[in-house]
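These numbers were taken from a predicted model, which means no experiment stands behind them. Heads up: numbering here begins at 1 and tracks the sequence.
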Amino acid sequence: MYPFRPVALPTTIIHGDADEVVPYDVARHYAEMHGIDLITLVNAGHFFHGRLIELREHVRGLLTRDEVVRAT
């Protein structure tokens, strides 16, 4: 809905391909244009109903990955 500036920090977008608020193609295009990793949750909507455990696991994985990268 609104233009966003590029992000300065390492970033990953987790997005449902059935998002009813922010179209998936818009998020995918933004990620591609700015070199941002995109994790797609198939058939997940904007609020990740019924998918919060899966969402949590992706976030945990990203946090753990970032901790390992910072430690080296």
Are Ile14 and Phe47 connected in the hydrophobic side-chain network, where two residues link if heavy atoms are under 4.5 Å apart? no

Quick one: are His58 and Leu41 in side-chain contact, heavy atoms under 4.5 Å? yes

Taking Arg51 for the side chain and Gly45 for the main chain, is one N or O donor matched with an acceptor at less than 3.5 Å? no

Could you tell me whether the side chain of Leu62 reaches within less than 4.5 Å of the side chain of Asp37, counting heavy atoms only? no

Let me confirm one number: the CG-OG1 distance from Asp17 to Thr40, rounded to the nearest 0.5 Å. 7.0 Å

Heavy atoms only: give me the nearest Ile36-Ile13 pair and the separation to one decimal. CG2-CG1, 3.8 Å

Report yes if the side chains of Glu57 and Glu54 come closer than 4.5 Å at any heavy-atom pair, otherwise no. no

Min side-chain heavy-atom separation His34-Val7 under 4.5 Å: no

Please answer: with hydrophobic residues joined when any side-chain heavy atoms are less than 4.5 Å apart, are Leu63 and Phe48 in the same cluster? yes

Rounded to the nearest 0.5 Å, the NE2 atom of His15 sits from the CG atom of Leu38 at a distance of 8.0 Å

